Structures are given as C-alpha cells and as structure tokens.
Amino acid sequence: MTQEITSGFPMAGAPRFESIDAVRQGLAGVDYLADEGISGVVYLADRLAKPVLVEGPAGTGKTELAKSVARLTGSRLIRLQCYEGLDESKALYEWNYKKQLLRIQADAGQSWEQLEEDIFSEEFLLPRPLLEAIRSPEPVVLLVDEVDRVELETEALLLEILSEYQVSIPELGTVRATQIPLVFLTSNNTRELSEALKRRCLYLHIDYPQLERERAIIETRVPGISKALADQVARIVRSIRTLDLKKDPSVSETLDWARTLVVLGVESIDVEQARDTLHILLKYQTDIERASKELSGVQAPD
Ligand SMILES: Nc1ncnc2c1ncn2[C@@H]1O[C@H](COP(=O)(O)OP(=O)(O)OP(=O)(O)O)[C@@H](O)[C@H]1O
Ligand SMILES: [Mg+2]
C-alpha cells in the first residue's frame, strides 16, 4: 500500500525577511550580532529556498546562528546532531520493533497481509529529525550540526532530502514538505564535504569577528560588564589571536574570560590578572606561556 501523504511541491512561502538589514537587526534583537556577510546569506537562503552550509573555527557562532534565526522567525528548531555512525534510522525514521512485536503476538489470528498493513502504519513509526522537519505543519529551522562527522552515505541521504524536500517511506509512501524549512548545516571542516552537497548549499564562512563586533558581542552576552572592560577584553583577545598558537581563543572562550573577570570584580585588566586567568581563554600550556610572555612585553622564544 503506497500513498501520497501530502501532495504538491513545497511552496517557498512568503519571504521571512524584508531586507538584509532587517535580518541583521532582527538577529541583534535576539542577541546574535551578525555582520553584513552573515545577514546577507541568511536573507538569500530564505529567498532562494536553499540550505546554508556554515563553516569556520570552533566557537564562532555557527550553531548559535541557526538557533537565533529560529528564535527570530518564531520557528521550531529541529536539530540533527551528527556523529560518526549516524545512520538513516537515527536521522530519518525507524520502526518501533518492540511495539510491532507486541502487536504481532497479540494479533496471532490475523492474516499476514492484514498484520503487515497494521504494523507498518503511522502508529508504529518513530520519526527522527529529518522526517520531523519535512512533516512539520509549523515553520521549522532545521539544524544539521557538525555534518562533517557523518560518513559519505549519510551525507548522500541528506543531499537527497535537501534537494527534494521529500522522504520516501517504502511501506507508507512519499512524504513531501508543505513548506520549505530554513536549513543550516554546520561543519568544523574535519573532512571535505562532497562537491554535490556544497553545490546544493549557500556557503557561509564565519571567522573570528572584527574588533567592533566582538566587543558588541561581549557587551550583549556578559551582563554587568562595563564598556571599558569589554573593549579591553576584545583588544587583548585580538592581539592573542595574532600569536602563533596551537588553538586560538574562540568567541565562547572570550565570553568565558569576560564573565570570569566580572565575577572577580575586575574593572580594568592588568598584566598580573590577565596572566592569572589566561587558562580560561587558552587550553594548551604552551599557548598560555606564549601569551603570558606577550602580555608582559617579553618576546616568546621561537
Ligand atoms: N555573533 C554572535 N553574537 C552573539 N553571540 C555569539 C556570536 N557568536 C558567538 N557567540 C557566542 O559564542 C557561543 C558559541 O557559539 P556556537 O556554539 O554557536 O559556536 P560554534 O561555531 O557552533 O562552535 P563549534 O564549532 O565548537 O560547535 C554562543 O553560545 C554565543 O554565546
Ligand atoms: Mg557548534
């Protein structure tokens, strides 16, 4: 028994945003500070009904962008957290075998045909994030987080769904989206994604923010911080990022450092305090040593 569960191609629907600037301002309203590049891609993703592939260093606001767009548009956020070994049954759907077995035992008198129709019905279906996003009657932001961790086969499955916005369930039929979800795929670049997936997506690289924007992010996300301290933190972090480190401090680490300084009652950072708290910002001893030397004005050895 195969049937169309919903018919017709998904409609792009009314635009969610009026302009690129409306995206930027809207995001700022939910405490996400985007630059022109980020707002522009989000705007186009909506207009062109294309997924966004977001790449960039750790902790630069890739995941947070999808969450913030969901908040801004009043959409439900559906998240597919990727990991090695993620397969269809966890990404798309699976059948509730336990429940099916119980039904088979209970209905021993039924013909196999009747039973089959019964146990492969909606009642026994366990929808996973991708199917949920396709079927949702409400507006959805779909976040496929850390897509570079899945195997190529799973990536192909994603690609299929993102090009058609439909899912075929052999026992039930084809489920087509009635509205196109906004889709964000994030990647830390642990492996190259397929050309096909890249072609399907709009590409957004989020790098460490410019000084101005990082300072604004600190002021927005760290309650009680003074303008002067936010400025100082942003400048020091920026100079630390120019050093040749194993791992540059991310925006989230900058925020942790700023929060630490506020908790310690620091109003203006001196070298001593900076050095004592560097372990919040940097996670390798060699990086901490290098940054300490830099802060004291002593050149680090090569
Ligand atoms: N533009 C921004 N505006 C406001 N907050 C931001 C911004 N960018 C980053 N942040 C802050 O940094 C934190 C980390 O961001 P997020 O978890 O999205 O990073 P990520 O890029 O997904 O990192 P990872 O690659 O490690 O998953 C967020 O929780 C948020 O507090
Ligand atoms: Mg993330």
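In what follows, residues are counted from 1 in the order of the sequence shown. Atoms within each ligand, like the ligands themselves, are counted from 1 in listed order. Treat the numbers as computed from the prediction; the structure is a model and nothing was measured.
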What is the nearest protein non-hydrogen atom to [atom], stated with its residue, atom name and distance?
{"atom": "atom 1 (N) of ligand 1", "value": "L33 O, 2.8 Å"}
{"atom": "atom 13 (C) of ligand 1", "value": "S252 CB, 3.8 Å"}
{"atom": "atom 10 (N) of ligand 1", "value": "V251 CG1, 3.9 Å"}

Evaluate whether atom CD of E138 has more than 12 neighbouring non-hydrogen atoms of other residues, nucleotides or ligands under 6.0 angstrom away.
-> yes
Please say whether A34 places an N or O atom under 3.5 Å from an N or O atom belonging to ligand 1.
-> no
Determine, step by step, whether L172 and F120 satisfy the side chain to side chain contact (heavy atoms under 4.5 Å, CB included) criterion, reporting the C-alpha distance in whole Å, the side-chain angles of both residues, the deciding distance to 0.1 Å, and the verdict.
-> CA-CA 7 Å; L172 277 183; F120 289 107; 5.9 Å; no
Tell me which part of [X] gets within contact of ligand 1: side chain, backbone, both or neither, using heavy atoms under 4.0 Å.
{"X": "L255", "value": "side chain"}
{"X": "T60", "value": "both"}
{"X": "T63", "value": "both"}

Is the Mg ion (ligand 2) less than 2.8 Å from at least one N/O/S atom of T186?
-> no
Please state whether I217 comes within less than 4.0 angstrom of ligand 1, counting heavy atoms only.
-> yes
For [X], the ligand 1 atoms whose distance to one of its heavy atoms is below 4.0 Å:
{"X": "G59", "result": "19 (O), 20 (P), 21 (O), 23 (O), 24 (P), 25 (O), 26 (O)"}
{"X": "E146", "result": "27 (O)"}
{"X": "N188", "result": "25 (O)"}
{"X": "R213", "result": "1 (N)"}
{"X": "G61", "result": "8 (N), 9 (C), 15 (O), 16 (P), 18 (O), 19 (O), 20 (P), 21 (O)"}
{"X": "D31", "result": "3 (N), 4 (C)"}

Would S19 and D21 count as having a side-chain donor-acceptor pair, cut-off 3.5 Å?
->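 The criterion, which ignores hydrogens and geometry beyond distance, is not satisfied for D21 and S19.
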Is the NZ or CZ atom of R241 both under 6.0 Å from the centre of the six-membered ring of Y208 and within 45° of that ring's axis?
-> yes
Assess whether salt bridge (Lys or Arg N to Asp or Glu O under 4.0 Å) is satisfied between D256 and R259, documenting all intermediate values.
-> CA-CA 5 Å; D256 286 342; R259 287 184 192 117; 3.5 Å; yes
Is the backbone N or O of G85 less than 3.5 Å from a side-chain atom of E151, with the two atoms forming a donor-acceptor pair by type?
->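 Side chain of E151 to backbone of G85: a pair is present.
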Sort out for me which residue in T63, D145, D148 forms a side-chain hydrogen bond (donor to acceptor under 3.5 Å, both in side chains) with T186.
->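 When T63, D145, D148 are each tested with T186, the side-chain hydrogen bond (donor to acceptor under 3.5 Å, both in side chains) holds only for D145.
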Spacing of K62 atom NZ and L65 atom CG [to the nearest 0.5 Å] = 10.5 Å
What's the spacing between E88 CD and R128 CZ if we round to 0.5 Å?
-> 13.0 Å
Give me the one residue out of L27, I218, I38, T220 that meets side-chain contact (heavy atoms from CB on, under 4.5 Å) with L33.
-> T220
Looking only at non-hydrogen atoms, which of E64, R221, K62, E253 approaches atom 5 (N) of ligand 1 most closely?
->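 Comparing heavy atoms across E64, R221, K62, E253, the nearest one to atom 5 (N) of ligand 1 lies in R221.
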